[in-house]
Amino acid sequence: MISSGMKSIYANSVYCIRKLLPWRCRLFGSTASCEQRDFAASSSSSLLDDFSRYCYQRDLPRAMETMVEMHARGNWADSVTYSELVKCCLSRGAVEEGRLVYRHLCFGRYSPKTFLLNVLLNMFVRFGLQGEAEELFDKMPERNVVSWTTLIATYANTARSDRALELMTLMLREGVEPNGHTYSAVLKACGGLSKLRELHCSALKVGLESDVFVRSALIDNYSKLGEMNDALRVFGEMATGDLIVWNSIIGGFAQNDEAIAALNLYKSLKRFGFKVNQSTLTSVLRACTSLTLLELGRQVHVHILKYDQDLILNNALLDMYCKSGDSEDANQVFSGMAEKDVISWSTMIAGLAQNGFSHEALKLFDQMKASGTKPNYISMVGVLFACSHAGLMREGMLHFRSMKKLFGVEPGREHYGCIIDLLGRAGKLHEAVKMIEEMKCDPDAVTWRTLLSACRVHRNTDLAIHAAKQVLRLDPEDAGTYTILSNIYASIQRWEDVTEVRKSMRVGGVLKEPGCSWIEVNKKIHAFIVGDNSHPEKDAINGQVNRLSLRLRELGYLPDTNFVLQDLEGEQSEDSLCYHSEKLAMAYGLMNLPREKTVMIRKNLRICVDCHVFAKLLSKLEHRKIVIRDPIRYHHFADGTCSCGDYW
DNA sequence: ATAGGGTTAG
């Protein structure tokens, strides 16, 4: 008879158990309840003492030698000593020795207890020997919550979430009650919101509401699904403070681009007198990054100087400086890093490329390869972005065509996007279309928007209409593309189509996102929304825009009223162009920032041609550096030119 | 005595 505790977890369990039954009888049969000491012959006590000493001293070679001797004499030590030996194997990565310990314990006249089998199970898992772990698990006469949790955790960590959840079900079916360890492991594997809520409920039922590990796992999962209300509720129910739970919620807001909430929580955390650590600061930096709060980020930089060798923190710092358009400080952090991983290199390459330093980015890519760091999918997005940004057709194609062979990177949407951008910039629109047809993955709205952008610059109306329709098919909420499409139809007098586009926009309830620009002055964010006059200094700002506009006209600035193929922030008239949010932000920056500071602006929509000309001329007139970061790329204006080369 | 949490790049 096979007892329920021996039931195999595998589909072909009957076969599995039959095959193993003789082994099982020999090992776990009649002697199953024997204690280790019973086997120790009195004459061997000094051998066992030696063994125990070697194990606790972490002298692996001598311990193994003694173990072999013991095996020959039929002696066994106690479980705790063996667990020390396994720890020793693990810390040295001694796989073969570990296997030998396993054979010594499981293939002889000895019956290891569940505790010891769990230790061995964990050892196999740690060594990445999944097959051997499963085999052992399958053969265990009794599996407790630790055995199940150990295996569930490996599946959860190797992103085999279906298997982890399945094991949890089997565990419950066998009547083994899960604990906090189990939930924090299985939560890592939970895919959707409904499964998460289900696990959340059952964890509460088992009485785990105060387990901080479960709490942080729940917060983390709700955050990943963007359910910040749920995450906040779980956080708020915490009676005692726990730094990691705080880190989870701060990280959650930072990842969901709710930077203000993240920063406020960070402030309360400090007010409560908590000592924060690297993880907290990494999330705080990420929050600063998403708001382009360069000055606040610099302040955080001062606080993290004591962690100057922390790789992840340095990577976040790098990204903060890159995204804030400060490639000099990014370079400084980068060159000061003792250890660099693929993320450090990728961040820096993409950062340089986005800031218009394509050649520096490509030089860095050469250094990366020379350093022995293997580029991955994301690294190649940065490299191709650098090529497209500088119009380096030959080089871009070369990297694109060779990356699979050289680095095993299969080209994906983002890579194709760069190539389409590259071809589009060169005016090779039909080759760009061919590239879309060649894609193995389905093109998405971003892909078609890239083509649409190329059509806009090269004034190809027919193709633009096609691309715009594709964008709207894939993303029917994209207000900007409706506007472009309607403008195109208007320009070729297809009034019925104009009406049609406007109508479908109305029917679909698509609202145009108002243009918004942000600028940091005195560590505070000032937001300028088109049509919003609530800024206390609005009169002074409007006056400044008008004055600048007049002075720029002397330099040849003419408001660009050719709106065709453009998605503008506001109404389409010369008058309203003056009040595009980035112009207001530029004016405000010039009024309030010291002369040596770069005017750094972030905006939610892409910059229009008129504002682009305005910014270029302004940088020359005022001898100021201006950076405008739109959702796709950054425009560095200096001395009358822009790093984007007037293509975006 | 064996199993558990948070942080970085497109």
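Given the structure is predicted, the values throughout are model-derived calculations rather than measurements. Below, all heavy atoms of this structure are taken into account, side chains as well, without hydrogens, waters or symmetry copies.
When heavy atoms are screened at a 4.0 angstrom cut-off, A:Ser346 is found touching base atoms of the nucleic acid. Using a 4.0 Å heavy-atom cutoff across all strands shown, A:Phe385 reaches no nucleic acid atom at all. Heavy atoms of A:Lys323 sit under 4.0 angstrom from primed sugar atoms or phosphate atoms, though from no base atom. A:Ser83 comes within 4.0 angstrom of nothing in the nucleic acid, heavy atoms only. Within 4.0 Å (heavy atoms only), A:Val245 reaches at least one base atom of the nucleic acid. When heavy atoms are screened at a 4.0 angstrom cut-off, A:Asp242 is found touching base atoms of the nucleic acid. Among the atoms of the strands shown, none is found under 4.0 Å from any heavy atom of A:Gly382. No engagement by A:Asp310 is indicated, since no non-hydrogen atom pair under 4.0 Å with the nucleic acid exists. Here A:Arg286 lies in heavy-atom contact (under 4.0 Å) with sugar-phosphate atoms only. Looking at heavy-atom distances under 4.0 Å, A:Arg413 makes no contact with the nucleic acid at all. When heavy atoms are screened at a 4.0 angstrom cut-off, A:Asn314 is found touching no nucleic acid atom at all. Among the heavy atoms of the strands, none lies under 4.0 Å from A:Val86.
Residue A:Thr150 places its side chain closer to B:dA3 than to any other of B:dT8, B:dA3, B:dA9. Here B:dT7 is the nucleotide among B:dG5, B:dT7, B:dA1 with the atom lying nearest to any side-chain atom of A:Ser279. In the set B:dA3, B:dG10, B:dA1, B:dG10 carries the atom at the smallest distance from any side-chain atom of A:Gln354. Taking only side-chain atoms of A:Asn122, from C-beta outward, the nucleotide of B:dA9, B:dA3, B:dA1 with the closest atom is B:dA3. Of the candidate nucleotides B:dG5, B:dT8, B:dA9, B:dG5 has the atom nearest to the side chain of A:Ser216. Among the nucleotides B:dA9, B:dG5, B:dG10, the one closest to any side-chain atom of A:Asn376 is B:dA9. Each of B:dA9, B:dT2, B:dG10 was ranked by its minimum atom distance to the side chain of A:Ala350; first place goes to B:dG10. Here the nucleotide nearest the side chain of A:Phe213, chosen from B:dA9, B:dA3, B:dG5, is B:dG5. Closest approach to the A:Asn118 side chain among B:dA9, B:dA3, B:dT2 is made by B:dT2 (side chain taken as heavy atoms from C-beta onward). Set against B:dA9, B:dA3, B:dT2, the side chain of A:Val342 has B:dA9 as its closest nucleotide.
The nearest pair of heavy atoms linking A:Tyr102 to A:Lys139 is OH-NZ, 3.1 Å.
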*Quick one: do A:Arg53 and A:Asp49 satisfy salt bridge (Lys or Arg N to Asp or Glu O under 4.0 Å)? Show the steps, please.*
CA-CA 6 Å; A:Arg53 201 172 57 248; A:Asp49 288 344; over 6 Å; no
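Contact annotation: A:Lys188 does not reach the phosphate of B:dA3 (side-chain N/O to OP1 or OP2, under 4.0 Å). For B:dT8, the OP1/OP2 oxygens have no side-chain nitrogen or oxygen of A:Gln278 closer than 4.0 Å. Contact between the side-chain N/O atoms of A:Gln255 and the OP1/OP2 oxygens of B:dT7 is found at a separation under 4.0 Å.
As rounded to whole Å, 20 Å separates atom P of B:dG4 from atom CD1 of A:Ile219. Atom CE of A:Met171 and atom P of B:dA3 are 15 Å apart (whole Å). Put simply, NE2 on A:His181 is 13 Å from C1' on B:dA1, counting in whole angstrom units. For the pair A:Leu318 CG and B:dG10 P, the computed distance is 12 Å after rounding to whole Å. In this structure, CE of A:Met238 is placed 12 Å from C1' of B:dG5, rounded to the nearest angstrom. One interatomic measurement links the two molecules: NZ of A:Lys224 to C1' of B:dT8, which rounds to 14 Å at whole-angstrom precision. The CE atom of A:Met403 sits 17 Å away from the P atom of B:dG10 (whole-angstrom rounding). Atom P of nucleotide B:dG5 and atom CG of A:Asp220 are separated by 11 Å, given to the nearest angstrom.
Electrostatic pairing of A:Arg163 and A:Glu166 counts as a salt bridge here, judged by a charged N lying under 4.0 Å from a carboxylate O. By the 4.0 Å N-to-carboxylate-O rule, A:Arg233 lies close enough to A:Asp230 to be salt-bridged with it. Checked for salt-bridge contact, A:Arg215 and A:Glu209 miss the test: no charged N lies under 4.0 Å from a carboxylate O.
Between the base of B:dG4 and the side chain of A:Asp211 there is a donor-acceptor pair shorter than 3.5 Å.
In this structure, A:Lys340 satisfies the cation-pi test against A:Phe334, with its NZ or CZ atom closer than 6.0 Å to the six-membered ring centre and inside 45 degrees of the ring normal.
Checking A:Asp211 against A:Asn179 by side-chain atom types alone, no donor-acceptor pair falls below 3.5 Å. Between the side chains of A:Ser202 and A:Tyr183, a donor-acceptor pair is found at a separation under 3.5 Å.
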